[in-house]
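The next block holds one structure in the form of structure tokens; read it before the comments.
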There are 2 protein chains.
Amino acid sequence: MTRGKKYQPGKIRERNIEQILNAAEQEFVLHGFKGASTQAIAERAGLPKANLHYYFKNKLTLYNAVLENIIDLWNSGLQDITAADDPAEVIEKFIRFKARLSFTHPRASKIFATEIIQGAPQLKEHLRTDQREWVKTRTQVIHTWIEAGKMRPIDPANLIFLIWGATQHYADFDCQVLTVINKAEYDEEYIEHVSQQLCEIIMLGCGLTPSHLK
Amino acid sequence: MTRGKKYQPGKIRERNIEQILNAAEQEFVLHGFKGASTQAIAERAGLPKANLHYYFKNKLTLYNAVLENIIDLWNSGLQDITAADDPAEVIEKFIRFKARLSFTHPRASKIFATEIIQGAPQLKEHLRTDQREWVKTRTQVIHTWIEAGKMRPIDPANLIFLIWGATQHYADFDCQVLTVINKAEYDEEYIEHVSQQLCEIIMLGCGLTPSHLK
DNA sequence: GTCTATAAGACGATAGAC
DNA sequence: GTCTATCGTCTTATAGAC
């Protein structure tokens, strides 16, 4: 047992861990798990490499901590939906939530993307359990909406993949998008513009009307 | 000058280069540029590491050769379009072409995705010149279609990004998609199903009618 | 809890025999 | 054109002084 000196015990620890996780995110985006070096992560966090190994026993543990943060972020704003909900309202909310997340947390999206591209070595189990379950409940609700004639008959899973793919593209391929539209960075106006465009095309394609066209 | 023995000179060379490029693609998908090792690439190609350095002077040269193959593949089926073309026909063809490419060449899509995610260190120039130009000419044509009342007024660039994002998702995130839909691999039926669904939702969202609904 | 110093091995690349 | 052996560097991880 160590008696804590009056330095707000744990504060330094908390700050160091946050700096390491933040630095690790940046390096993992730039070079992937295998390509990122703990040396570079430590330097970016402003710590000697040995301190990093004090907080995280090895590179894989650190990587998994980064992934866990990303999953938490992804789950943070996902509300449950029921057959009684209004499809237009729910789907518009979902598109806008995913779009906003892509623009505000591109690094999280990129690390997740790289992990899946490489065959999800760390997230296989998450995909097989949590994520599959999440999609299953949504597709069931969408199916009842279709049977009730509330929207066009589409494959619900394809709709979810379409929304995922379309929104994540702006995060993962930000470099390409910004170069093509000749901008230095995204601004609030563009975020709203993209969200509205995606709602329009996707929802009209499903036989729904987005709120701004009512 | 070396006089070629009657072993079909260049045949062995061609075969080795192809095997190296193929092995490199696989390793670059799994670990990215920095994470992939020339050792592993050589082993996968069934050659000693030194031979790899005989054909490609270093890892970056090999990586750029892989990227060039991917760009060529991408450009292989892209026809020019004019204002006189039928929007529905052109856009359906484009969605189906991109979708098919994603399903038949997922590794190419994944390497391209990883390169862009990491900030396009090797493809910055390609994005700034060729790709920007390509998008520019398409957006201009789509714009004239809109002004002629042939389709709903949407942002042409967003439409292109939507098609890119939606189709590439099935290649880059194949691991996720297959897990969620509980399949071992894509089959021809699923490819046609996805292509049709994407055409339906996106084209109806643009005020166009896909051929199978006419 | 922090940091220097270093172990043990993998890395890209090359020299040089065949 | 092929392959073994090896150089010098960078890698993860740890030992041990403070």
Side-chain angles (χ1 to χ4, degrees), chain A residues 1-67 118 121-122, chain B residues 1-67 118 121-122:
Chain A
M1 287 284 191
T2 58
R3 234 171 315 142
K5 294 187 186 159
K6 284 282 168 69
Y7 284 154
Q8 289 180 307
K11 269 277 143 102
I12 294 176
R13 182 181 187 84
E14 225 170 284
R15 208 184 55 119
N16 280 344
I17 287 183
E18 202 187 302
Q19 279 181 346
I20 292 170
L21 286 171
N22 192 49
E25 265 198 23
Q26 298 181 50
E27 289 297 321
F28 285 136
V29 165
L30 287 175
H31 305 295
F33 169 68
K34 217 186 160 198
S37 82
T38 55
Q39 174 72 45
I41 294 171
E43 274 170 23
R44 200 184 275 272
L47 294 168
K49 188 172 48 168
N51 293 32
L52 189 149
H53 282 90
Y54 171 73
Y55 290 110
F56 299 91
K57 82 163 192 259
N58 56 31
K59 193 161 84 158
L60 187 58
T61 305
L62 173 55
Y63 180 64
N64 278 319
V66 169
L67 284 181
Q118 300 185 353
Q122 301 304 313
Chain B
M1 284 287 193
T2 57
R3 234 171 317 142
K5 295 187 186 161
K6 284 281 170 70
Y7 285 151
Q8 290 179 308
K11 268 278 143 104
I12 294 176
R13 183 183 186 83
E14 227 171 280
R15 210 184 54 119
N16 279 343
I17 287 182
E18 203 188 301
Q19 279 181 346
I20 292 170
L21 286 170
N22 192 50
E25 264 197 24
Q26 299 182 48
E27 288 297 320
F28 285 137
V29 165
L30 287 174
H31 305 296
F33 169 69
K34 218 187 159 199
S37 82
T38 54
Q39 174 72 46
I41 294 171
E43 274 170 22
R44 200 183 275 271
L47 295 167
K49 187 170 51 165
N51 293 31
L52 188 147
H53 283 89
Y54 170 73
Y55 290 109
F56 298 91
K57 82 164 193 259
N58 55 33
K59 191 162 81 159
L60 188 57
T61 305
L62 173 55
Y63 180 62
N64 278 321
V66 170
L67 285 181
Q118 299 185 354
Q122 301 303 315

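Because only heavy atoms are used, hydrogens play no part in the values below, and waters and symmetry mates are left out as well, while side chains stay in. We name chains A, B, ... by the order of the sequence lines, and we start the count at 1 in each one. Here the structure is a predicted model, which is why all the values come from computation and not from measurement.
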(request) Scan A:Tyr55 against the nucleic acid and name what it touches under 4.0 Å (heavy atoms): base, sugar-phosphate only, or nothing. (result) sugar-phosphate

For residues 34-45 of chain A, run the donor-acceptor check on the side chains, cut-off 3.5 Å, and write out each pair with its distance to 0.1 Å, sequence neighbours left out.
unit_1  : atom_1 : unit_2  : atom_2 : d
A:Lys34 : NZ     : B:Gly35 : O      : 3.4
A:Ser37 : OG     : A:Ala40 : N      : 3.0
A:Gln39 : NE2    : A:Glu43 : OE2    : 2.7
A:Arg44 : NE     : A:Glu27 : OE2    : 2.9
A:Arg44 : NH1    : A:Gln26 : OE1    : 2.7
A:Arg44 : NH2    : A:Glu27 : OE2    : 2.9

(request) Assign a letter to each nucleotide of nucleotides 4-18 of chain D from its 5' end: B, base within under 4.0 Å of a protein heavy atom; S, sugar-phosphate only; -, no contact. (result) B------SBBB----

(message) Please give me the minimum heavy-atom distance between A:Gln118 and B:Val29, naming the atom from each residue.
(response) CG-O, 3.3 Å

(request) Please report how far the helix from C:dG1-D:dC18 to C:dC18-D:dG1 bends, comparing the axis fitted to its first five pairs with the axis fitted to its last five, to the nearest 10 degrees. (result) 10°

(request) Measure the shortest side-chain to side-chain distance between A:Thr61 and A:Asn58 over non-hydrogen atoms and say whether it is less than 4.5 angstrom. (result) yes

(request) Can you tell me which residue pairs pass the ring-ring contact (aromatic ring centres under 6.0 Å, His included) test with a partner in residues 32-54 of chain B, sequence neighbours excluded? (result) B:Phe33-B:Tyr63

(request) Could you tell me whether the phosphate oxygens of D:dT2, OP1 or OP2, come under 4.0 Å of any side-chain nitrogen or oxygen in B:Asn16? (result) yes

(message) Distance check needed: C:dT2 P versus A:Arg15 CZ, whole Å only.
(response) 10 Å

(request) Rounded to the nearest angstrom, tell me the gap between atom OH in A:Tyr54 and atom P in C:dG1. (result) 3 Å

Compile the donor-acceptor pairs under 3.5 Å between side chains in residues 13-22 of chain A and protein atoms, sequence neighbours left out, one pair per line.
unit_1  : atom_1 : unit_2   : atom_2 : d
A:Asn16 : ND2    : A:Tyr55  : OH     : 3.1
A:Asn22 : OD1    : A:Arg107 : NH2    : 2.7

(request) Using whole Å, report how far CG of B:Leu62 lies from P of C:dG12. (result) 11 Å

(message) Just to be sure I understand the geometry, which residues of residues 19-28 of chain A put a non-hydrogen atom under 4.0 Å away from DNA chain D?
(response) none

(message) Using 0.5 Å steps for rounding, measure from the CD atom of B:Glu25 to the CG atom of B:Leu67.
(response) 10.0 Å

